[in-house]
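Below: the structure, in structure tokens.
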Amino acid sequence: MAEIKQEYDGLVLGAGIAGMQAALDLAGQGFDVLLVERAPSIGGVMVGLNKVFPTLDCSSCICTPRMAEVAHHERITLLTYTELKHLERTARGFSVTLVKKPRYVVEEDCIGCAKCELACNVVVPHEFDYGLGAHAAVYIPHGNAIPQVAVLDPQYCMFDGACARACPTDCIDFTQQPEEINVQAGAVILATGLKLVPLDVKKEYGGGKYVNVMNPLAMERLQSPNGPYGHVMRPSDGKIPRSIAYVQCAGSRDKSIGVPYCSRICCMYALKQGIMIRQHLPETEVTIYHMDIRAFGKGYEQFYRRAVGEGIRVVKAKVARITEEPNKDLKLRVELIDEGGRVAEIRHDLVVLSQGVIPGWKPDGAAPVRIDEDGFFLIPEMAARPANSSHEGVFVAGVATGPKDIPDAIVEAGAAAMEAAMYLGRSQARAGGVQ
Amino acid sequence: MSEIKRNWREDLKIFRERMGGVTQERKDWQKEQRDYSKAISGVLEKGARTVPEIAEASGLPSDKILWHLMAMKKYGKIAEAGRSGDYFRYELKGGQS
Amino acid sequence: MPDNGRLKIGVYWAASCGGCDVSVFEIGFRILDLLQIADVVFWPCAADFKYADVAAYPDAYIDVCLFNGGIRNTEQEEVARLLRKKSRTLVAYGACAADGGIPALANLSSREALFQFAYHDSPSTENPGGVEPQVKTDTPFGQLEIPDFYSAVLRLKDVVSVDYEIPGCPPQADRVWEVIQAVAGGAVPANNGALRVGCTLKSVCDECPLEKRLVKITQFRRHHEFRPEPGWCLLEQGQPCMGPATRGGCGALCLKAGMRCEGCYGPPVEVTDQGTAITGAIGALLDAQNEKRAGELIGQIPDPAGTFYRFSMASSHMKARR
Amino acid sequence: MGMDGVNGDGAQGAVAGDLRIGVFVCHCGGNISDIVNVETVVRQAAELPGVAVSTGHMFCCSDPGQAAIEQQIREQRLNRVIVAACSPSLHELTFRRAVARAGLNPYLFEHINIREHVSWVVEDKEQATRKAFRLIRAAVARAAHLAPLTKRRIQIHPSVLVIGGGIAGLTAARDLAARGIRVTIVESNPFLGGRLAQLYRIYPTGQRAREILDPLIRQVAADPLITVYTNAQLESSTGVIGDFRTTVRLTPRGVTEDCPDPQAAIDSCPEECVDQFNLGLSKRMAIYKPYDGCYPDLPAIDWRNCTKCGACFQACGGRGIQLDDQPQFVEIQSGAIIIAVGLNTYGPRHGEYGYGQYPEVITLAQMNRLLDPEGPTKGRLLVNGRTVRSVGFLHCVGSLQREGIHRPMADGKLNMYCSRVCCTTTMHTAEQVRERFPGVHVYDFHEDIRTYGRRHESYYDHVCEQGVAFIRFDPMRPPAVEADPKGEAALVVRTVDRLTAGEEIEVPVDLLVLATGLVARDMTRLIDLYRCSVGADRFLMEVHPKLRPVELAASGLFLAGSVQGPMDIGESTAAAAAAAAKASALISTGTIEMDPFVAEVREDRCSGCRICLNACPFSAITRNEEFARAEVNPAVCLGCGTCVATCPCNAIQQYGFSDEQIKAEVAALLAEKPEYGPGWQPRIVAFLCYWCSYTGADNAGTARLKYPANADIVKVMCSGRIDPELITSAFSWGADGVMVLGCHIGDCHYTSGNHKTMVRMPLVRRLLAQFGIEPERFRHEWVSAAEGEKFSRLVKEMTEQVRALGPLNWPSHLDAVGVGHGHDLEPWGEEQTCQITAD
């Protein structure tokens with residue numbers, strides 16, 4: 001862990017692609033930035049993706065250089081495994097209270113060798129792989145993690161000391177406690193990212209009980225070359241799926257569960273995952289049941305047509321219900337809209353629910369920003385100042401202001417950094433500082 | 001790099017107390033892990049098998065077999081050994097099969 | 001042999017076509033000026049000298065020996081060694097001596113394959129006994145010995161040290177005259193570095209008048225397959241022109257006549273391997289956005305090694321087929 | 001712009017005096033030393049030529065470890081340092097800094113990876129130790145050719161040129177000025193505001209467009225740091241990042257501030273012409289203001305329609321009207337340029353869905369003008385003077401075009417893309433129609449409804465609730481429009497409704513609004529001036545859609561707003577602010593520092609063949625026509641080295657990755673005489689690009705994927721740097737196999753460096769085949785940063801393949817051919833044997 005100063009120009013909360021970009025764009029303008037991430041590694045959702053649409057570049061190939069840039073930037077201080085406790089305006093900017101969670105590993109001493117991980121006798125579901133893979137109770141978050149530093153999960157620890165015995169640098173520290181860190185920041189950027197609509201609200205799709213109904217980010221991990229299985233297989237029994245269904249708008253455009261909006265990225269990732277599946281498993285059928293295909297971005301429509309050309313079946317339909325067969329296959333009751341609403345029952349090996357996107361973090365009083373009725377941060381001037389929150393000096397970027405794809409998140413992060421820079425310039429000018 | 005020598009054995013005792021010791025939950029989890037890895041190793045000693053084959057031979061649910069198998073694969077105890085239809089086969093590493 | 005103070009000149013013809021010998025005459029009437037100051041002491045093609053005559057000369061007797069052709073057999077190597085000993089300055093004259101030249105294209109076939117074709121398979125061969133030449137053959141008149149055939153064509157500098165090299169197939173007359181003048185004027189001492197003379201430090205492109213339009217190659221075509229647009233770079237038009245990867249000095253003669261450069265002056269000064277040099281360049285020139293297209297375009301070059309190493313096989317990294 | 005030389009004091013060669021190399025081998029607390037016998041390696045390294053110090057350390061990266069290195073540099077007067085430890089991505093910078101602290105040029109340091117690439121992946125300890133030593137030996141050989149380098153520093157002129165005075169350009173300018181940066185806006189029209197001025201209400205806030213635009217323009221106009229040129233067209237441009245010089249042609253406005261009564265001038269004009277601002281729905285004079293409150297608030301003369309009759313001149317008493325002014329030219333110097341020229345709307349062709357044929361067919365943009373209370377109908381829904389009782393909206397006109405259905409555009413291409421904003425605009429407009437004219441029926445003909453953005457879906461929901469009828473047509477059978485034969489309505493739209501199982505329906509409408517798409521402006525000028533590239537959709541192409549969405553390939557050029565593709569207002573302002581952030585970062589640092597690994601042309605060797613111009617992904621190479629040779633602009637070069645591999649004369653070299661260095665490295669890897677026999681180990685040289693494949697190999701290491709020790713990695717920045725000559729060199733020096741691994745096509749850190757690899761390697765393969773080298777000995781693959789598994793598999797396969805083939809042993813082949821190791825015989829002067837003797 002780097003030396004934490006008392007004061008920073010900017011605090012960026014969330015080190016996913018938007019937060020990293022905002023930090024870089026702010027630091028690039030000469031401001032000192034504290035970048036805070038609650039997970040043990042930076043990189044957010046993006047570093048766990050396989051490929052990105054519509055270019056099909058490798059996600060980690062383009063994300064990891066950016067992570068390294070953040071880590072090596074002389075004006076950016078990185079604080080991982082840390083959460084925001086409280087944030088409030090003072091005369092001098094913002095007074096910030098952070099809580100650094102115990103890693104039980106001394107960050108600056110750990111050399112990332114994973115000897116502790118290999119020595120540990122307990123395996124635990126890996127959050128990075130959405131539970132499909134495992135890690136030891138003490139582990140390096142993942143191969144591309146930054147920092148490459150181990151973290152111990154005390155929930156599963158058997159207290160046999162195997163890790164401490166194996167550690168060549170004596171960096172396992174069982175005495176660590178949550179640590180409160182107080183800093184001052186001139187401006188704040190919230191880039192707190194996304195979560196998916198929990199499966200249990202979609203009772204008609206099994207409510208999370210069916211093992212072969214999976215979330216799209218988990219599918220992303222399955223497709224990744226460094227994923228939990230190394231192949232696309234279904235979690236119930238390791239079968240290579242021969243027919244995969246994507247159910248779109250599963251938790252989006254659905255007023256009944258409080259997510260009336262479009263989640264914006266699901267059409268494209270379903271098409272992308274479909275293309276990747278068909279490339280690796282040409283005999284596997286991919287069917288996307290959708291309401292509208294929203295291929296609106298640059299090169300997206302072309303990508304959509306390519307996907308159809310590669311044999312992905314795109315069916316305008318409503319999926320009323322999913323039921324699980326004894327062999328864990330899934331039966332979909334489908335209303336085929338383009339066939340005049342004919343109802344059919346269709347069997348698939350594996351179903352991916354294009355679960356809606358919801359905010360990854362809610363301030364709940366920790367930060368003085370207002371939330372809009374859709375749950376995302378309220379933006380008073382959405383057209384003119386899309387990165388300004390309801391609170392002066394607090395800026396927002398990425399999916400925290402609504403679902404969006406990577407380019408839009410990066411662009412908005414730049415905008416948030418620019419707004420923060422202007423704000424800092426003004427407040428420094430007011431304070432008589434040199435700017 | 002700091003040069004403090006830690007007395008981790010002492011620290012571990014205190015840590016263990018603070019975390020509530022080896023609870024039943026922890027024990028159960030370790031038992032499950034041990035049972036599964038034993039069952040999987042037992043079946044694979046006879047040769048490479050698919051997940052449903054291991055599940056059938058061991059009488060354990062195939063989704064959990066898969067999970068523990070993948071954990072064992074990650075830490076180098078199991079290797080993939082080709083395919084059989086729509087399933088991959090797995091074998092013990094180190095020539096035990 | 002009295003030293004009359006005149007320049008002693010030798011010319012020899014090894015594994016080559018003889019064009020280089022002729023090219024010496026291309027200096028035209030200037031040859032008369034040359035004979036004013038020089039004596040020819042060895043030139044089997046032009047005057048009757050025996051090897052024994054040369055062997056009888058004192059060492060370093062020949063001031064300048066122009067050696068053309070590569071080394072394909074034992075005789076040529078022996079003569080090379082002899083001439084090295086008897087010459088103050090030994091010049092590898094022409095593409096074959098310098099880089100192997102056309103004969104070294106045979107390096108893409110093994111000695112066995114060459115014999116198989118030449119003595120058995122070629123349509124014009126009538127050899128019912130299946131006889132192949134032997135180094136030593138017993139005849140009623142005694143044992144007959146012919147030179148042994150090497151498994152590859154070597155450059156002159158692969159067997160003896162060389163002072164200078166004049167590349168070209170053949171070297172360009174003006175360049176030859178410049179070298180002769182320099183030698184006659186005493187400006188060219190023995191160099192021992194196989195230094196290339198009679199050429200420029202740049203490539204043929206430097207002398208080529210054809211226009212570059214910075215367009216990518218969309219198709220490779222051979223000369224007989226289309227009519228190139230005059231005045232426009234032939235490489236850009238899809239002919240595998242070797243100009244970019246060929247030492248300049250010829251004045252881009254072929255290109256001025258509408259023919260692609262075949263690379264006879266050998267690799268440019270900083271380059272050892274002419275074929276990989278042009279491969280690197282072609283990599284940047286093809287209009288291919290995907291691997292399939294790249295493969296198709298590359299497939300249109302019929303004989304890459306023969307095209308890219310037409311004159312410099314013996315100088316290439318690989319030198320000969322395995 | 002000024003730039004410091006790449007080399008401190010022009011020192012290109014070696015450090016004066018003898019080589020004194022320090023080799024430091026890290027144990028990494030057992031991570032390395034448990035597998036690699038560090039003592040052996042240290043002892044062997046000590047005997048290599050030039051090595052003055054060879055030592056091991058438990059943790060080289062620790063403070064004491066670094067201190068030990070610094071101490072040795074000082075005490076032993078080391079002039080090259082090699083650290084063999086973990087991946088350079090983790091600690092190369094750490095050690096470079098340590099070397100610099102000890103007073104040595106930080107680029108006289110070489111980092112080698114014996115953890116991720118050796119100890120974590122090789123099981124056999126002896127093999128691992130040998131491999132570690134090979135890598136160190138190669139680094140020592142390479143180190144001899146290292147030269148002191150300094151980072152490039154480029155000075156940045158502290159101002160920005162913004163091209164385009166619409167919402168994006170204005171936003172970017174305002175933001176930059178707020179950061180104290182001087183900005184010049186160049187707008188080609190006589191008035192600021194761009195397309196936003198023509199919009200009425202905008203989603204998702206429902207605000208009047210001018211509520212956003214007017215205050216922004218006022219702010220920009222009042223800012224002393226911002227200079228605005230209207231009626232200004234780009235003329236020419238020179239320079240690069242840090243110092244662009246753009247010449248702008250200022251078309252005379254015809255009216256100056258001195259004009260006593262501009263309105264009288266307008267009123268006096270006899271020349272009526274089509275009002276472009278109202279999209280042809282009304283007329284205006286040849287001297288005009290587009291709307292009240294425009295900026296500048298001064299009329300302009302439309303020269304295409306002005307007859308110079310002098311009426312306005314007389315109306316103003318001859319003051320302030322200049323009918324014969326000549327264009328002026330100004331040169332604008334700037335450190336960066338933001339391009340924000342926006343886009344156009346698709347103009348339907350005559351007869352397309354009845355457009356131009358029936359006055360009742362209009363575009364969505366025209367509809368917006370009609371709804372504006374200040375518009376041509378003062379906000380009334382009138383067409384041809386008739387009140388409208390029903391309105392149809394037809395989506396995707398000029399977007400989502402399909403082959404065989406739609407006619408291509410002038411350039412022969414179809415507009416395949418989605419125009420992104422039209423669905424929500426249509427919903428928003430339909431909502432306004434339903435609210436303001438409750439008696440009017442609204443029909444919506446669509447293929448898909450793409451209300452993707454925040455709050456967009458609620459417009460869709462609202463109009464559904466408001467009773468708008470939705471009809472889903474089949475894109476392969478688009479609707480047909482004709483005059484209503486029954487005369488009940490103005491028009492009838494015939495289509496098939498997929499929502500009602502393909503029923504054929506006829507919908508009578510009084511007004512049909514075509515939701516026309518958005519198209520790129522003519523970019524020819526920008527392409528000429530700034531070498532921008534455009535995509536198949538004709539919009540400007542960012543350098544990387546994910547990583548660098550607001551930057552162009554050439555450094556210092558940024559994109560703001562819809563010049564890049566369709567965007568709504570909020571997206572445009574966000575993109576503008578993001579571009580401003582990039583420009584601000586550039587300007588505020590004053591100088592930028594870049595890695596010194598740039599390419600440089602040797603003038604005396606360059607033949608000016610221009611092939612390298614094709615190779616550079618960043619247009620960093622230009623040809624100096626006077627001297628007929630190429631020049632690399634070090635300010636633009638990003639150091640991929642693709643040109644180096646391209647130059648057929650080897651006249652280009654790259655600092656840090658010269659042919660000399662790489663060849664020394666390869667030769668040293670192969671220097672050991674192989675042991676043939678049962679224990680024979682194939683020797684494989686693997687050339688890897690740093691960004692993807694090298695990281696992929698690291699990834700294999702962190703995942704502890706075991707593979708044979710036979711592939712020795714040679715790192716280059718981009719696979720485009722891998723000169724085919726390196727491959728033949730490796731074979732001729734004894735490699736049994738060669739691997740070339742780069743980023744997948746599309747992933748290249750340098751945009752297209754690997755495209756060159758993609759062409760070269762198959763050609764190399766063909767050459768090798770002709771020399772009798774089995775295809776299994778040469779492998780070219782794409783390996784991404786995440787594909788550690790693939791990397792290890794490839795090495796395994798390659799090793800097995802080559803082992804099965806047996807040794808290649810080209811040096812012995814050359815001996816057999818009779819040319820030894822391909823070099824000359826003994827130097828001249830020594831005894832030469834000769835069989836021919838004098839009689």
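Below, read A as the first sequence line, B as the second, and so on, with proteins coming before strands; counting in each chain starts at 1.
Interface remark: Leu286(C) contributes side-chain atoms only to the contact with chain D (heavy atom separation under 4.5 Å). Looking at Glu774(D), the atoms closer than 4.5 Å to chain C (heavy atoms on both sides) all sit in the side chain, from C-beta outward. At a 4.5 Å heavy-atom cutoff, Glu236(C) makes no contact with chain D through either its backbone or its side chain. For Lys216(C), the part lying near chain D is the side chain, with the backbone staying farther off; criterion is any non-hydrogen pair under 4.5 Å. Only the backbone of Asn290(C) has a heavy atom closer than 4.5 Å to any heavy atom of chain D. Of the two parts of Ile301(C), the backbone and the side chain both hold a non-hydrogen atom closer than 4.5 Å to a non-hydrogen atom of chain D. The contact between Asp604(D) and chain C is made entirely by backbone atoms, counting heavy-atom distances below 4.5 Å. Contacts of Thr200(C) with chain D are absent, with no heavy-atom separation under 4.5 Å from either backbone or side chain. The contact between Ala769(D) and chain C is made entirely by backbone atoms, counting heavy-atom distances below 4.5 Å. Using a 4.5 Å cut-off between heavy atoms, Val271(C) touches chain D through backbone and side chain atoms alike.
Per-residue heavy-atom pair counts under 4.5 Å with chain D were compared for Leu90(C), Asp303(C), Thr246(C), and the maximum is reached by Asp303(C). Counting heavy-atom pairs under 4.5 Å between each of Cys606(D), Gly608(D), Ser752(D), Ala615(D) and chain C puts Cys606(D) at the top. Of the listed residues Cys205(C), Pro304(C), Gly299(C), Pro244(C), the one with more heavy-atom pairs under 4.5 angstrom with chain D than any other is Pro304(C). Ranked by heavy-atom pairs shorter than 4.5 Å toward chain C, the options Thr728(D), Val644(D), Leu808(D), Asp659(D) are led by Thr728(D). Listed options His755(D), Glu725(D), Arg602(D) were ranked by heavy-atom pairs under 4.5 angstrom with chain C; first place goes to Glu725(D). For the set Arg629(D), Met761(D), Arg760(D), the entry with the most heavy-atom pairs within less than 4.5 Å of chain C is Arg760(D). When the candidates Ser151(C), Ser203(C), Ala245(C) are compared by the number of heavy-atom contacts under 4.5 Å with chain D, Ser203(C) comes out ahead.
Taking 4.5 Å as the limit, some side-chain heavy atom of Ile773(D) sits within range of a side-chain heavy atom of Met318(C). When side chains are defined from C-beta on, Thr276(C) does not count as touching Val764(D), because their heavy atoms never get closer than 4.5 Å.
In this structure, CG on Asn614(D) lies 12.5 Å from CD1 on Ile282(C), to the nearest 0.5 angstrom. Atom CG of Leu763(D) sits about 4.5 Å away from atom OG1 of Thr279(C), to the nearest 0.5 Å. Annotation: the span from Ile727(D) atom CD1 to His317(C) atom NE2 amounts to 11.5 Å, rounded to 0.5 Å. Rounding to the nearest 0.5 angstrom, the gap separating the SG atom in Cys649(D) from the NZ atom in Lys202(C) is 9.0 Å. Taken to the nearest 0.5 Å, the CG atom of Asp206(C) stands 12.5 Å off from the CZ atom of Arg605(D). Distance check: Arg322(C) CZ to Leu814(D) CG gives 11.5 Å after rounding to the nearest 0.5 Å.
Of all heavy-atom pairs between Ile298(C) and Pro762(D), the closest is CD1-CB, 3.8 Å. Closest approach of Val759(D) and Ala294(C) over heavy atoms only: CG2-CB, 4.0 Å. What you find for Ile611(D) and Ala284(C) is that their closest heavy atoms are O-CB, 4.3 Å. In this structure, Pro724(D) and Gly280(C) approach most closely via the heavy-atom pair CG-N, 3.7 Å. In this structure, Ala277(C) and Pro648(D) approach most closely via the heavy-atom pair CB-O, 3.5 Å. Closest approach of Phe771(D) to Lys319(C), counting heavy atoms only: CE2-N, 4.4 Å.
One N or O on the side chain of Gln770(D) and one on the backbone of Ala305(C) form a donor-acceptor pair closer than 3.5 Å.
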